Amino acid sequence: MKKITILYITGVLLASMTSCTKDFEEINTNPNVVEKPNPNFIFSKSILDGLNNNYFATNILECGGMLQHYATYKEASGVGDKYLSNEVYFSAYFNQVYPTALNETEIVIDAVKGNANDSNKLNVARIWKAYLYHRITDLYGDIPYTEAAKANSTQIFLPKYDTQEFIYKDLLKELDEAALALDPAKPTFGNADFIYNGDVAKWKKFSYSLMLRLAMRLTKVDPALAQTWANKAIAGGVILNTADNAIMKYTDGPNDINRNPVGFDSRKQDFTAGSYGQRNVEGGKLAKTFIDLLQATADPRISVYAGVWEGTVQNTSLAVQKGFPNGTKIAPTPIEQATYSEPNQSTVFKYDAPIMVLSNAETHFLLAEAAARGWYTGETDQALYEKGVKASFLNMGIYGTAYTIADATPYLTANPFNAAGSFEDKMNQIHTQIWIALFVDEQEVYANWRRTGYPVLVPVNFPGNVTNGTIPRRFRYPTSEYSVNSANLAEAVKRQGEDNFTTRIWWDK
C-alpha cells in the first residue's frame, strides 16, 4: 500500500510538472525586458555615451589643464593643471567607456552582422567603434581590445590587454574595410544616427578622415607606415567641405543626456549657475597661455570661445579677456576671479550647442603637414594651411550664423604662413592652429601635442607634482583593474612600461 501511494504521489508530481512546463516560457518571460535588441536605438545611445563620457574630468581637468587651455588655483581639481595624481579623474574615462559606449556598439554589431541588408549599419558601427577605441588607447596606451565588450557573446569577463601597435594597425584596417563596404543603395540608421542622419557617403569621408588622423599619429614611431595610410586616406576622400563635417547635435533637454556635455557637465560641476565667475566650484578659468596667444595674434575666435563676467553678462570682446596662470594655488578674491576669462556660455557652453567631432579644419591642417613632408603634392602646404584657418573661422558658425567668421584675410595677413621656414617652423604653425581650432576637444588636442610637441608649452613645476615638472604623457590605469583584471594588466605594464604619467605610449616613443 505504501509503495502504491508513493507511485501515486510521484505520478501526480510528474503530471503537475508537465502541465507547468507547457506554459513555462510564456509565464517566465519578463514583459518589461526587450529580448531582441533594437540596433537603431542602441547605436543612438552609443553615440551619446561615447561623447558624454566624463567630459569635465577628462577634457577639462586633465587634458585641458595639461595643454594649458584651462587653469585653476585649486589643488584637488588641478590634476592636469599641476600634474597631480587623482584616481577619480584619471580612471573616469576608462571605467565608463567599456560598459557603455563600447559595449553598446558591440551589441549593435552582433545584432546586424548576420543580415546582408544591414551591411551599412554594421560598417558604420565598425567606424564608430574605431573612433571610440582610438580615444581610449590614446589616453592609456595598451588596453583591452580584441577580447573587450565580449561578455554577452563569448563570456570573456577578464579581457587581455592588446598592444597599442596591434590596436592601431587593426583600427586602420577596420576603417579601410568599413569605408569600402558602405553601399548607398542599402538602408542605414537614418534618424537614429545623430551625426550624419544615415548619410553613408559622409560616413565614408569620416572614416577616411579618421584614418588620416591615425596615420599621422604614427609619424614618430613608423613614418613609412604613416605615409602609406595617409596616402590611402587621401585617395579615399577626406572631409574637405563644411557640409561634410561630423557634427553631433544636441537639444536643451528633456533629459540631461540630450544636452551638450561640454556645457552641461562643465557648468554642473564647476561653472555653476549664479556664480558669474566669482564662486566657481573648482575654480576653473581659461588659461593665460591660451588667451595670451589669441590676443597677441588678434584672433577673432577669442570672442566665440571666451567671455569675462561683468555682473550677470559675459563680455566677449578681445580687449577684456584675461587668462589665469597654470600651476598656482593662490586663490583670488571673488571679485578678482570674475576678471578672468571663462568659456562663452552663449556658444561652447550652451546646453544645445553642437559638438564638432571631426572637421575640415583638422583635415586641411593634417594635409598641410603631409604636404610639408612631401607626401602630398595636390596643393602646397601654405595653401592647405590657409584653408585650414579659413575652415576653422567658418566652423564657428556651428554656434549660430552670427558667430561665423567669414573673412580670414586680415588674420592670415597679420599672421602669415612661413613658407620659407624650416619643417619644424611649419609644424609649429600648423599644430598651433590645431591647438586653437580644436578647442573643447581636449582629448584630441592632447594626443596631437604629444605626437608633434607643438605648440611649445612651458611646463609648470607645482610642489608635489608626480612628473618632476614635465607634462604627463598618458593616464594611469584605474586601481580597480589591479584587483579585478590583475594578471592581464600586469602583462600590459610589463610590456609597455611602468604605470605612471610619464611612460610614453607606443606612438609617442
Side-chain angles (χ1 to χ4, degrees), residues 53-93 95-96 139 261-292 305-309 314 321-345 348-349 439-440 442-443 445-446 449 457-472 474-476 478-479 500-502:
N53 186 356
N54 287 284
Y55 179 85
F56 179 68
T58 305
N59 281 269
I60 292 184
L61 295 188
E62 290 280 11
C63 298
M66 289 186 284
L67 268 293
Q68 299 179 16
H69 275 168
Y70 289 90
T72 177
Y73 66 88
K74 293 196 173 183
E75 289 192 48
S77 53
V79 286
D81 175 70
K82 300 171 176 64
Y83 321 149
L84 304 176
S85 177
N86 189 313
E87 161 78 17
V88 173
Y89 302 128
F90 68 70
S91 65
Y93 194 89
N95 285 339
Q96 185 165 313
L139 288 178
V262 176
F264 177 74
D265 204 22
S266 305
R267 289 165 69 177
K268 177 183 177 182
Q269 299 193 60
D270 189 2
F271 307 86
T272 52
S275 172
Y276 303 121
Q278 297 186 27
R279 298 175 302 277
N280 292 349
V281 176
E282 305 297 349
K285 298 291 179 180
L286 291 178
K288 177 176 171 58
T289 306
F290 188 40
I291 294 298
D292 282 359
Y305 291 158
V308 172
W309 287 103
Q314 281 185 305
Q321 304 308 316
K322 183 172 70 170
F324 194 79
N326 290 100
T328 181
K329 65 175 181 179
I330 300 173
T333 66
I335 297 300
E336 185 184 356
Q337 286 184 54
T339 66
Y340 290 99
S341 300
E342 294 182 5
N344 187 338
Q345 293 201 11
V348 293
F349 266 19
F439 173 65
V440 307
E442 306 302 311
Q443 282 181 253
V445 170
Y446 179 47
W449 177 85
L457 301 174
V458 179
V460 302
N461 198 6
F462 187 81
N465 77 82
V466 295
T467 64
N468 197 28
T470 63
I471 297 174
R474 63 179 287 273
F475 284 16
R476 287 181 53 202
T479 301
N500 60 36
F501 296 101
T502 56

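Note that the coordinates shown come from a computational prediction; the quantities given were computed from them, not determined experimentally.
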Keeping the roles fixed (side chain from [X], backbone from [Y]), state whether a donor-acceptor pair exists under 3.5 Å.
{"X": "Thr339", "Y": "Glu336", "value": "yes"}
{"X": "Asn59", "Y": "Gln443", "value": "yes"}
{"X": "Asp265", "Y": "Phe56", "value": "yes"}
{"X": "Asn326", "Y": "Gln68", "value": "no"}
{"X": "Ser266", "Y": "Gly263", "value": "no"}
{"X": "Arg267", "Y": "Ala273", "value": "no"}

Contacts of [X] that satisfy ring pair (Phe, Tyr, Trp, His ring centres under 6.0 Å) - sequence neighbours left out:
{"X": "Tyr340", "result": "Phe324"}
{"X": "Phe90", "result": "Phe501"}
{"X": "Phe462", "result": "none"}
{"X": "Trp449", "result": "none"}

(request) Output all residues satisfying salt bridge (charged side-chain N to carboxylate O under 4.0 Å, His left out) with Arg474, sequence neighbours left out; order by chain, then residue number. (result)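 With sequence neighbours excluded, Arg474 shows a salt bridge (charged side-chain N to carboxylate O under 4.0 Å, His left out) to Asp499, given in chain and number order.
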(message) Once side chain to side chain donor-acceptor pair (under 3.5 Å) is applied, do any residues pair with Asn86, and if so which ones, sequence neighbours excluded?
(response)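 Result, side chain to side chain donor-acceptor pair (under 3.5 Å) vs Asn86: none returned.
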(request) Return the set of residues passing side chain to side chain donor-acceptor pair (under 3.5 Å) with Ser77 (not counting sequence neighbours), or none when no residue passes. (result)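 Scan of Ser77 (side chain to side chain donor-acceptor pair (under 3.5 Å), adjacent residues dropped) gives Glu282.
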If you round to the nearest 0.5 Å, how far is [atom2] of [Y] from [atom1] of [X]?
{"X": "Met66", "Y": "Thr470", "atom1": "CE", "atom2": "OG1", "result": "11.0 Å"}
{"X": "Gln345", "Y": "Phe271", "atom1": "CD", "atom2": "CZ", "result": "9.0 Å"}
{"X": "Leu286", "Y": "Asp292", "atom1": "CG", "atom2": "CG", "result": "11.5 Å"}
{"X": "Glu342", "Y": "Tyr276", "atom1": "CD", "atom2": "OH", "result": "12.0 Å"}
{"X": "Leu61", "Y": "Thr72", "atom1": "CG", "atom2": "OG1", "result": "8.0 Å"}

Taking side chain as C-beta onward, heavy atoms only, is [X] less than 4.5 Å from [Y]?
{"X": "Leu67", "Y": "Leu457", "answer": "yes"}
{"X": "Leu139", "Y": "Cys63", "answer": "yes"}
{"X": "Gln314", "Y": "Val308", "answer": "no"}
{"X": "Val262", "Y": "Tyr55", "answer": "yes"}

side-chain contact (heavy atoms from CB on, under 4.5 Å) involving [X] - partner list, sequence neighbours excluded:
{"X": "Thr272", "value": "Ser275, Val281"}
{"X": "Gln337", "value": "Tyr73, Lys285, Pro332"}
{"X": "Val348", "value": "Tyr305, Pro343, Tyr399, Phe439, Val440"}
{"X": "Ile335", "value": "Gln278, Thr333"}

(message) I need the full list of salt bridge (charged side-chain N to carboxylate O under 4.0 Å, His left out) pairs touching residues 74-93, with sequence neighbours left out, sorted by first then second residue.
(response) none
(request) Report yes or no: do Asn500 and Thr502 form a side-chain donor-acceptor pair below 3.5 Å? (result) yes
Locate the shortest heavy-atom distance separating [X] from [Y]; write the atom from each residue and the value.
{"X": "Ala92", "Y": "Ala57", "value": "CB-CB, 4.4 Å"}
{"X": "Gln321", "Y": "Ala306", "value": "OE1-CB, 3.5 Å"}
{"X": "Gly284", "Y": "Asn280", "value": "O-ND2, 3.1 Å"}
{"X": "Pro472", "Y": "Tyr83", "value": "CD-CD2, 3.6 Å"}
{"X": "Ile471", "Y": "Pro459", "value": "CG1-CB, 4.2 Å"}

(request) Only one of Leu84, Asn54, Val79 passes side chain to side chain contact (heavy atoms under 4.5 Å, CB included) with Tyr89; say which it is. (result)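 Among the candidates, only Val79 passes.
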(request) Assess the pair Phe475 and Tyr93: is the distance between their ring centroids shorter than 6.0 Å? (result) no
(message) Is it the case that atom NZ in Lys322 sees more than 12 heavy atoms from other parts of the structure closer than 6.0 Å?
(response)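 Counting neighbours around NZ of Lys322, more than 12 heavy atoms of other residues, nucleotides or ligands fall under 6.0 Å, so yes.
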